[in-house]
Each structure stands twice: as structure tokens, then as C-alpha cells.
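As C-alpha cells, the structure follows; a few thoughts come after it.
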Amino acid sequence: MSVTTDQRLEASAPSRREARRQRRGVGHASTGYAFVAPFMVVFVAMLVLPLAYAAYLSLFQERLIGGTVFAGLGNYTRALTDPRLLDGVGRVALFFVIQVPVMLVIALVAALAIDSGLLRAAKAFRLGIFLPYAVPSVVAALMWGYLYGRDFGPFSQLAGDLGLPAPKFLTSSWMLGSLANVVTWEFTGYNMIILYAALRAVPHDLYEAAAVDGAGAIRTAWSIKIPALRPALLVCVIFSVIGSFQLFNEPQLMQRLAPSVIDSGYTPNLYAYSLAFTGQEVNYAAAVSFLLGAVIVVASYAVLFVTTRRSRS
Amino acid sequence: MTDRRSNVLTVCMVVLVIYFLLPLFWLVIASTKNVGDLFSSFGLWFAHDFSFFSNVHDTLTNNGGVFARWMGNTVFYSVVSAGGAAFLCALGGYGFAKYRFRGNSAMFGLVLGAIMVPTTALAIPTYLLFSKAGLVNTPLAIILPSLVSPFGLYLMRIYAQDAVPDGIIEAARIDGASEFRIFFQVALRLLAPGVVTVLLFTLVATWNNYFLPLIMLNNPDLYPVTVGLAAWSSQAGAGGGTTGAVLSLVITGSLLSVVPLIAAFLLLQRYWQSGLASGGVKA
């Protein structure tokens, strides 16, 4: 009797393990740790630790008298009422709200056009639009800076030839738009490729069914392709949230062309940088960095939440 | 009907592509001009003098050939970072995809959440930690933070799930191969396209990185080309008699710095496309 139960136990144990294996992967726990350990060690050292350190630093303040003292949430209350930081956050939020839709609409239209089969030399178009992604943002900002320039920028030259006033790309009312143009130039192609790749994955029998129903190219794009792109669009929006709110390279480089327009608090990231490296306010800079990270995570989750809720209803 | 339609669309796309290629076209034109022509001739067409080769010569020899050094640094930082990051992601992604262990999903969730942590918010605390550890102003200050790619790990995990069938692992195990031998001799080959994708993206990210080296380095000999060009451009903007000469160095240097990555992208089209595909479709 006991032998048979033992046998049955032995027989059932591997099969249960088998079932588990089929649910996810194969192999033993200890080897699993060995595989993920190198990544996790570097991850903790280079990502978790600096974040924790920033959190720790942000709780202290440097005073003229008494040195560094514990300040609790003092830096955070200061940040939340700091008009320069709030202006910067407002500016990048405005930037996000205008630049990202423009960029994504261009990327979407380009991806649909290239996917439609109505274009000649579609591959060349795809490559031409994507190429700026390979250009470092430093070089992009420098190039556009010269193109915007009043001395020898071709736009000023053209306007001069036509007897028109030179466009004021680098004035305070145009600057945000000029920066938005640089960022759009850099990243439209990247987003287009993500959307294009997603379009390629849409099952083609859907198109055939639509064609049988008499749908034209535009109707197919609107009713089948765009809904199928929802997850890919979401990825684009999330990456754009992260990118917009940490805007730094472009304004920092344009600052040299228009120092009176772009001050050290033009974007939150520029502000954190100048606090830490010019103002020597390391603790406050840590609080600002930490808050900025929190804003980005919250904004990303808000985008996720809004979009998934809308798709459910 | 269809034909006319495609012509309209083609014209629209041509206009769009002109916009995206215009600054690069300008860069090529401007790099062929001497300083005087840069200011006096029309920006979007060649001037009378063709000074491209003397501009390249000046760029490469200015300040004891520091530009070549910056390019070398950029290549070194980005190849080492990308290689290391891709290897860590391959190992980790495979581990997360193919092994069951306590904390698997919790750890993976943590990494996934970290995709949203902005790199620039990390840079300042990382700088402060590194300056305590004496790592500031060393190549490690650029390479170490670039080794972590949460998005790369995510891509590799998705990729490993489909690309390495469990049956192959079981078969290799029955043949008596150790787990790491299975990874290096069997799985890694199947993972190769995914690894190349992560490699390419980390390479571009490190190559184009500006904020981190700007913070971490103040020795010009260690600059990558992005920080070097920005330094030259602020010299050019600072005014004074020699400003014009530096300006043409910035322009020609920008062109030279862009060429390798564009060449790499043209050669490796197949990979970046499939890579972006897996990121966008599966998420």
C-alpha cells in the first residue's frame, strides 16, 4: 500500500513540476538568480542607489550657520512654491501638449502613407524621415541654431531677399516653438518607425475584408489601421512624456544664442542642473530632480490610466 | 484614379522629407565654405570657394588634434557601454523569461517601472555619489551608468520568451549541458537579433549622450564629441576676433561626428526596424 502511494506521489510530483514549467520557463531557481544577478546588481548600483541617495540628500539643507542640517520636507515645500520651478514645469507641460500631438500626427500620417502602398520609393521616404534620429541632439540644436540665426541663417536671408522682416526665431515669444521644431525634427522618424512596424503586424485579411465591404484607403486607415495602432501610439506618448519633461540639451545649447530668453530656470532640468553646478545647492537640486522624476512617473501613469479606461468603455 | 492619388501623396511626402533633410543639407553646404562665405553667401547653396578639405584639415588639427580624440572617446564609451549593456540584458532577459524563482515578477516589475525614471533626474545624484567614490572625471563615470538599460531588459525578456523554445533547453539539458553552457552555446545564438537591437539602441544613446558627460567630465581630453562640440560652439559664441574660425570648426566637426552613425544606420537598417517593431507591437 505504502509503496503504491509513494509511487503515486513520486509520479505526481514531477508532473506538477512539469505543469509549473509549462506556465513559465524551465530550470531551477538558483540558476535563475545567477542569470539575473549581474543586471540586477548594476541596476541597483546605478539606478536604485542614486535615487535613494537623492531622496536622502533632499531631506537636508545647507545653512550658512550650522552647516548641513536635517530639514525634513523643507526642500519640497520650497520647491512646490518656487515660482521658477513652477514656471519651468508649466513651460514643459505646454511644450508637451502642443509639440507631442503635432509630432505624432506627422509620424502617423507618414507611417500610414508609407504603409499604404500608394507611394513610389516608400523605403527612401522612410529612411529620409528617420535619419535625424541618428543625429545627436547637440548637433541638431547647433544646426537649427545656425539656421534660425539672423546673420547668415538662410531663413533670414530669404526673408531679406523678399523684402520681408527676418523671422524672430530666438525671441521669447517664438523660442518655445523653435525648440519644439528641433525636437519634432529629431523624433518624428523614431515614432514613425514604431507606428510603421505596428502597422506591418496588422493581419492582412482585415484589409481584404474591408475592401470587400467597399472601404477605400482612407476609410481602411481610419477604421482599421488607427485602432490597431493604439498600443504603439501609447508607447510613443509615454516616451514623449519622459522626453518632454526632461528637456535639457536643446534649451541649454540655444541658451548661448539667446541668453536673455532662456534663463537658468527655463526647463526644470536646466534649473536642477544650474542649482547643482552653478548655485552649489546640491540638496535642493536633489529635491528638484526627485520631484521631476515623480512628475514624469505620475504623468506617464496618468496617460496609461486615461487611455486604458477609454479603451474599456 | 489610384495613380493620381499616389502622385499627390508622393508630393506631400517629398515636402516632408525635404524638411527632415534640410538641416543636414545645410550642414554639408556650410562645411564647404570658408569663414567669409559662411556669412556672405546664401546658406543653402555652395559659395565660390570650395574649402571642404581645408576645413576638415583645420578641424582635425586644431588644438593638437583634440577632435580626433573626442571621436575616439565617443567610440570607446559607446562600444563598451553598448556591449556591456546588451550582454547584461541578454543574460537577465533570458533569466527572467526562462526561470522560475521567488521574486521574478517583483524584480521584473521594478525594472519595468524604472523605464519611466528619467535619466537626467538620476544624473545629479549619480554625480554626487561618483564624486565621493572618486570616479568623476574618469571613463567609468560615463560607462557605468550607461550599462543599465531597463528598456533593453524588457525587450530581451519578450524576445527570449519566443525565440528560445523550452524544448531546446530541455533537450540540451538531457544531453548533459550545464545551464550556462546552454545559454552561451544554444540560447545566445537564437537571441542574436534581439541582442543586436539592444546593442544598437544603447550605442545610439551613449553616442548621443550629452547631459551625463557634461556633468561628469571637466577634462577636455576625456570629452566625447558631443561635449567637445558644445564647448567649441560656446567659444564661437563668446565673441572676439577668432570667433569665425571656431564657427567653421563647429560646423565641419558636426558633420564629421554625424557621418559614422548615419552610416551605421544605413548598413544595419534590418536590425533597427525589427528592434523598434518588437518594442512597439508587443507593449
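The sequence lines fix the lettering, A, B, ..., with proteins before strands; numbering per chain opens at 1.
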What residue, out of [options], has the most heavy-atom pairs lying under 4.5 Å from chain B?
options: A:Ser289, A:Ala285, A:Ser300; result: A:Ser289
options: A:Ala37, A:Ala121, A:Ala113; result: A:Ala113
options: A:Val297, A:Asn269, A:Leu253, A:Val288; result: A:Asn269
options: A:Leu147, A:Leu158, A:Val109, A:Leu292; result: A:Leu147
options: A:Val241, A:Leu195, A:Val48, A:Val138; result: A:Val138

Under 4.5 Å from a heavy atom of chain B, the part of [X] involved:
X: A:Ser58; answer: neither
X: A:Tyr56; answer: neither
X: A:Ala276; answer: side chain
X: A:Leu142; answer: side chain
X: A:Tyr273; answer: both
X: A:Ile242; answer: side chain
X: A:Leu47; answer: both
X: A:Leu57; answer: side chain
X: A:Asn181; answer: both

Check: Is it the case that more than 12 heavy atoms not belonging to A:Tyr301 sit under 6.0 Å from its OH atom?
Finding: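 Open: at most 12 neighbouring heavy atoms sit under 6.0 Å from OH of A:Tyr301.
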Within the supplied structure, the quantity of interest is the number of heavy atoms (other residues, nucleotides, ligands) at a distance under 6.0 Å from B:Phe180 CZ; does it exceed 12?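 More than 12 within 6.0 Å, yes.
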Of all of [options], which one pairs up most often with chain A through heavy atoms under 4.5 Å apart?
options: B:Leu21, B:Leu153, B:Val164; result: B:Leu153
options: B:Met107, B:Arg102, B:Met116; result: B:Met116
options: B:Ile18, B:Leu255, B:Val258; result: B:Val258
options: B:Leu27, B:Leu24, B:Val111; result: B:Val111
options: B:Val227, B:Ile215, B:Val250; result: B:Ile215
options: B:Ala85, B:Ala160, B:Ser149, B:Gly84; result: B:Ser149

So which part of [X] gets closer than 4.5 Å to some heavy atom of chain A, the side chain, the backbone, both or neither?
X: B:Phe211; result: both
X: B:Leu129; result: both
X: B:Val225; result: neither
X: B:Tyr127; result: side chain
X: B:Leu22; result: side chain
X: B:Leu110; result: both
X: B:Pro150; result: both
X: B:Lys33; result: neither
X: B:Val14; result: both
X: B:Thr226; result: both

- Going through the checks in order, is the side-chain contact (heavy atoms from CB on, under 4.5 Å) test met by A:Phe239 and B:Ile115? CA-CA 9 Å; A:Phe239 280 131; B:Ile115 289 178; 4.2 Å; yes
- Query: Do the two ring centres, one from B:Phe96 and one from A:Phe39, sit under 6.0 Å apart?
  - Reply: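 Between A:Phe39 and B:Phe96, which both carry aromatic rings, the centre distance is not below 6.0 Å.
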Between [atom1] of [X] and [atom2] of [Y], what distance do you get to the nearest 0.5 Å?
X: B:Leu147; Y: A:Phe43; atom1: CG; atom2: CZ; answer: 14.0 Å
X: B:Leu214; Y: A:Phe277; atom1: CG; atom2: CZ; answer: 8.0 Å
X: B:Ile124; Y: A:Leu275; atom1: CD1; atom2: CG; answer: 8.0 Å
X: B:Leu88; Y: A:Met40; atom1: CG; atom2: CE; answer: 11.5 Å
X: B:Ser233; Y: A:Leu257; atom1: OG; atom2: CG; answer: 7.5 Å

Identify the heavy atoms of [X] and [Y] that sit nearest to each other, and give their distance.
X: B:Leu144; Y: A:Val42; answer: O-CG1, 4.5 Å
X: A:Thr184; Y: B:Phe20; answer: O-CE2, 4.0 Å
X: B:Pro23; Y: A:Met143; answer: O-SD, 3.5 Å
X: A:Phe35; Y: B:Gly95; answer: CB-CA, 3.7 Å
X: A:Gln252; Y: B:Tyr210; answer: OE1-OH, 2.6 Å
X: A:Ala110; Y: B:Leu16; answer: CB-CD2, 4.1 Å

Check whether any side-chain heavy atom of [X] sits under 4.5 Å from a side-chain heavy atom of [Y], and report yes or no.
X: A:Tyr146; Y: B:Leu247; value: yes
X: B:Met13; Y: A:Leu119; value: yes
X: A:Tyr53; Y: B:Thr126; value: no
X: A:Val36; Y: B:Phe101; value: yes
X: B:Leu122; Y: A:Met46; value: no

*Kindly assign one of parallel, tilted or perpendicular to the pair B:Phe201 and A:Tyr190, based on the angle between their ring planes and the thresholds 30° and 60°.*
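Judged by the thresholds at 30° and 60°, the geometry between B:Phe201 and A:Tyr190 is perpendicular.
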Classify the ring geometry of A:Trp144 against B:Tyr19: parallel below 30°, tilted from 30° to 60°, perpendicular beyond 60°.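 A:Trp144 vs B:Tyr19 ring planes: tilted.
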request  = Any chance you could lay out the side-chain contact (heavy atoms from CB on, under 4.5 Å) test for B:Thr10 and A:Phe125, step after step, and finish with the verdict?
outcome  = CA-CA 9 Å; B:Thr10 304; A:Phe125 287 120; 4.0 Å; yes
